[in-house]
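Okay, so here's the structure we're looking at.
Small disclaimer: the values here were computed from a predicted structure and weren't measured. A note on names: the letters A, B, ... follow the listed sequences, proteins ahead of strands, and every chain is numbered from 1. Any value given below was found using the heavy atoms of this structure, including those in side chains, with hydrogens, waters and symmetry copies removed.
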Amino acid sequence: MKLSKYLIPTLKELPADADTLSARLMLRAGLIRKVAAGLYEWLPLGLRVLKKVEQIIREEMDRVNGQEVWLPVLQPRELWDETGRWQVYGKELVRLKDRKDTDFCLAPTAEEVITDLVRREVRSYRELPLLLYQFGTKFRDEIRPRFGVMRAREFYMKDAYSFHADEADLGRMYQDVFEAYNRIFSRCGLAFRPVEAETGAIGGNFSHEFMVLADTGEETIASCEVCGYAANVERAEALPPHVKDEDDMADIEEVDTPDTWTVEDVARLLKVSADKMIKTLFYVADEKPVVALVRGDHELNEAKLQRLLDAKILHKASDEVYQQTAGCDVGYAGPVGLNAVIVADHAVSDVVNGVSGANKKDKHLININVGRDYKPSRYADIRKVQEGDLCPRCQKTFLFHKGIEVGHTFMLGTKYSQAMRAGFLTDKGEKTPFVMGCYGIGVSRIVAAAIEQCHDGNGIIWPEHLAPFDVIVLPLNVSEPALMTTAEKIYHDLKAKGLAVLLDDRDCRAGVKFKDADLLGIPWRVTVGEKKLAVGKAELKKRSSSEIEDVDIDQVTERVSSAKFLGNDISIDENAIIK
RNA sequence: CGGGGUGUAGCGCAGAUGGUAGCGCGCUUGGUUCGGGACCAAGAGGUCCAGGGUUCAAGUCCCUGCACCCCGACCA
């Protein structure tokens with residue numbers, strides 16, 4: 001491809017609203033342009049990278065016997081009503097009507113449609129297991145799109161769904177896909193880590209996220225270097241401390257705390273530490289009010305609470321609920337004398353002579369004690385793990401990292417097949433619901449994550465398997481015929497070797513070409529300049545290295561084509577794949 | 001949804017006290033240059049986000065709306 005005729009609008013200055021490094025570089029290198037908040041156009045160069053990622057995923061999915069399909073983006077409400085997700089999914093689901101006023105949504109994921117397909121077409125255990133996947137545009141009306149294509153409202157995703165006769169078979173497939181995912185992200189040249197994860201709106205009972213490690217990541221991972229346990233902080237188990245305070249119980253007392261309601265302020269006013277405070281939070285779980293207690297220095301983990309209560313929808317209670325139940329505002333609520341279902345975090349039970357709101361304006365209670373003054377309905381792990389917490393398996397201090405979620409696998413079980421009455425006949429002739437798994441990869445997000453991980457001050461440094469082109473050839477002076485002829489010959493020879501080559505045939509100064517070549521991040525650069533050409537040489541440089549090598553003109557093609565991917569391919573353990 | 005901010009040339013921005021719409025980059029043409037974003041000259045390019053109002057006169061002042069960005073709440 002000749003650069004002079006290729007749409008690569010590189011930018012010296014960057015658009016003001018680009019908020020992360022990868023977004024800035026994607027705009028500057030001419031990979032994408034923004035149309036509206038969270039909506040992007042992929043230009044030729046960007047699309048080439050996207051297609052590279054797609055092909056790697058396709059190969060690995062096929063390797064574990066996945067079958068590619070293509071499902072509609074516009075999906076009828078009736079299917080979403082069957083699983084209840086038309087209600088549960090919330091505002092993120094883009095809803096619209098057709099000309100006949102029938103409700104539809106734009107697919108944020110495709111469990112309903114695929115389950116509908118399989119329930120109509122698959123009858124027997126003999127046809128299982130089945131792994132179907134697709135690539136396609138997904139829509140999620142994010143509250144706040146940001147970070148370029150990383151959190152866009154419309155994005156490109158690979159989603160896969162598997163159907164099984166039983167849990168054991170799902171377990172085998174889950175393992176296969178898990179390994180396929182490891183290969184995919186390795187081939188993409190990413191430093192990543194699979195972690196245990198929350199299941200969120202997709203549901204199911206077991207799930208992993210694949211996190212690309214990057215400081216700009218939105219997710220936080222807690223990991224233990226001793227036993228290898230790693231989980232999203234949304235999921236990570238907290239170890240109950242069991243260092244019950246030694247103090248004797250003192251008499252409960254009401255104290256004045258005018259205009260003081262945050263944990264920090266109350267603790268300062270009463271001269272107690274935050275871990276003596278009991279935070280009292282009101283929630284509504286499937287329309288039933290629930291009170292959650294966590295220690296003042298801890299944070300409630302809503303996902304844990306929701307899972308514990310087995311609630312479809314969980315949200316913070318409104319001020320009215322506080323008034324009705326506690327008779328006061330949020331900051332003055334407390335568990336003593338409260339007539340409600342109370343769930344307490346394990347750590348709360350160890351607090352002796354604690355402090356909480358008195359359920360009266362401007363009043364708190366001191367010296368409150370579990371058992372004597374209030375009685376939670378149940379204890380559970382409902383807090384977020386935090387800095388300093390210990391691994392529940394081996395009591396070693398957790399490490400925390402930032403990550404970008406690029407893949408997510410779920411063991412769904414029968415959540416969707418039961419709701420949609422999707423089943424098959426067993427060898428005994430019994431109708432049984434499919435056991436399902438689902439597996440997603442954010443294809444467009446991988447592109448951004450790769451840049452986030454691989455760049456320098458001059459631009460992108462593509463991992464070789466993702467690079468839009470393998471080589472860029474720079475004739476430094478296009479008006480010099482000998483130089484141009486040589487450059488074009490190298491260009492054609494490289495192409496003949498099957499490499500993707502970009503020829504910078506623009507009539508501009510050398511500096512501009514060097515700057516753009518660095519910005520674009522093409523792995524190999526061949527420079528044809530007059531001085532070196534006079535002695536029959538061209539310059540060869542890897543984008544990832546600062547070394548420049550002079551190579552005989554007629555050796556260039558051989559050098560590049562033989563070096564491509566050398567030492568950069570990952571070893572694949574064929575035995576790990578279950579056929 | 002709450003708080004804050006911004007909308008002026010393709011991009012980045014400037015346009016006190018209302019009075020002929022500007023700069024840098026990019027683009028076009030010509031010339032000189034030519035190994036890390038050259039220089040000179042001449043050009044093209046604007047419903048100043050939209051609608052309403054005040055005024056002899058609005059990019060500028062006043063309403064209303066929209067879009068976008070940031071922080072928070074929320075969320076595979």
note = Going 5' to 3' through nucleotides 1-12 of chain B and flagging B where a protein heavy-atom sits under 4.0 Å of the base, S where only the sugar-phosphate is that close, and - otherwise, we get ----------BS

request  = Under the side chain to side chain donor-acceptor pair (under 3.5 Å) rule, collect the residues that match up with A:S223, sequence neighbours excluded.
outcome  =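 Scan of A:S223 (side chain to side chain donor-acceptor pair (under 3.5 Å), adjacent residues dropped) gives none.
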
query = Considering residues at least two apart in sequence or located in another chain, which fulfil the side chain to side chain donor-acceptor pair (under 3.5 Å) criterion with A:E154?
reply = none

Taking atom [atom2] of [N] as reference, at what distance in whole Å does atom [atom1] of [X] sit?
X	N	atom1	atom2	value
A:L314	B:rA73	CG	P	16 Å
A:H408	B:rC75	NE2	P	15 Å
A:M484	B:rC34	CE	P	19 Å
A:D505	B:rC34	CG	C1'	17 Å
A:K515	B:rC25	NZ	P	17 Å
A:D507	B:rG37	CG	P	17 Å
A:R445	B:rC75	CZ	P	16 Å
A:R307	B:rC75	CZ	C1'	16 Å

message = Tell me whether the side-chain N/O atoms of A:K12 come closer than 4.0 Å to OP1 or OP2 in B:rG26.
response = yes

task = Give a yes/no answer on whether the side chain of A:R509 brings an N or O atom under 4.0 Å of OP1 or OP2 in B:rG37.
result =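 For B:rG37, OP1/OP2 do not have a side-chain N/O of A:R509 under 4.0 Å.
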
Have a look at [X] and say if it touches a base, only the backbone sugar-phosphate, or nothing, with a 4.0 Å heavy-atom cut-off.
X	result
A:R525	base
A:D518	base
A:K513	nothing

Checking base pairs now: Watson-Crick or wobble, both atom distances under 3.5 Å. What partners [N]?
N	answer
B:rG18	none
B:rU6	B:rA67
B:rG59	none
B:rU32	B:rA38
B:rC1	B:rG72
B:rC23	B:rG12

query = In terms of the nearest nucleotide of RNA chain B, which residue is placed more toward the 5' end: A:N477 or A:G38?
reply =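 Result: A:N477.
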
request  = Specify the residue among A:A37 and A:E539 whose closest nucleotide of RNA chain B lies further upstream toward the 5′ end.
outcome  =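 Closer to the 5' end of RNA chain B: A:E539.
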
query = Do A:Y283 and A:E302 have a side chain donor and acceptor closer than 3.5 Å?
reply = yes

request  = Report yes or no: do A:D159 and A:Q134 form a side-chain donor-acceptor pair below 3.5 Å?
outcome  =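 Checked: A:D159/A:Q134 side chains pair up, N/O donor to acceptor below 3.5 Å.
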
Separation of the [atom1] atoms in [N] and [M], to the nearest angstrom:
N	M	atom1	value
B:rC62	B:rG46	P	29 Å
B:rA9	B:rG26	C1'	11 Å
B:rG15	B:rU6	P	12 Å
B:rC49	B:rG59	C1'	12 Å
B:rC61	B:rU17	C1'	12 Å
B:rC68	B:rC11	C1'	16 Å
B:rG45	B:rG10	P	12 Å
B:rA50	B:rA41	C1'	40 Å

Any A:F139 side-chain heavy atom under 4.5 Å of A:P108 side chain =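 A side-chain contact is absent here, since even the closest heavy-atom pair is not under 4.5 Å.
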
ask   = Would a 4.5 Å heavy-atom cut-off, applied to side chains only, mark A:C188 and A:I57 as touching?
value = no

In terms of side-chain heavy atoms of [X], which of [options] is nearest?
X	options	result
A:R146	B:rC68, B:rG72, B:rC75	B:rG72
A:E302	B:rC75, B:rG37, B:rC68	B:rC75
A:E92	B:rC75, B:rG37, B:rG35	B:rC75
A:R153	B:rG36, B:rC68, B:rG35	B:rC68
A:R151	B:rG37, B:rC34, B:rC75	B:rC75
A:F514	B:rC34, B:rC75, B:rG36	B:rG36
A:S479	B:rG35, B:rG26, B:rC34	B:rC34
A:D516	B:rG37, B:rA38, B:rC68	B:rG37
A:K34	B:rG36, B:rC68, B:rA38	B:rC68

message = So, using side-chain contact (heavy atoms from CB on, under 4.5 Å) as the criterion, who are the partners of A:A191 when residues are at least two apart?
response =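 For A:A191 the side-chain contact (heavy atoms from CB on, under 4.5 Å) partners, ignoring immediate neighbours, are A:Q453.
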
message = Under the rule for side-chain contact (heavy atoms from CB on, under 4.5 Å), what residues qualify as partners of A:Q87, not counting sequence neighbours?
response = A:R77

inquiry  = Between A:F178 and A:F210 (judged by ring centroids, cut-off 6.0 Å), do the two rings come close enough to count as a pair?
reply    = yes

Distance-only donor-acceptor test, A:R506 side-chain atoms vs B:rG37 base atoms, 3.5 Å = no

message = Suppose the criterion is salt bridge (Lys or Arg N to Asp or Glu O under 4.0 Å): which pairs have a residue in residues 439-454 of chain A, not counting sequence neighbours?
response =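 Checked against salt bridge (Lys or Arg N to Asp or Glu O under 4.0 Å) - neighbours excluded - no pair reaches residues 439-454 of chain A.
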
ask   = Between A:D297 and A:R295, is the closest basic N to carboxylate O distance under 4.0 Å?
value =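 Result for this pair is yes, salt bridge flagged.
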
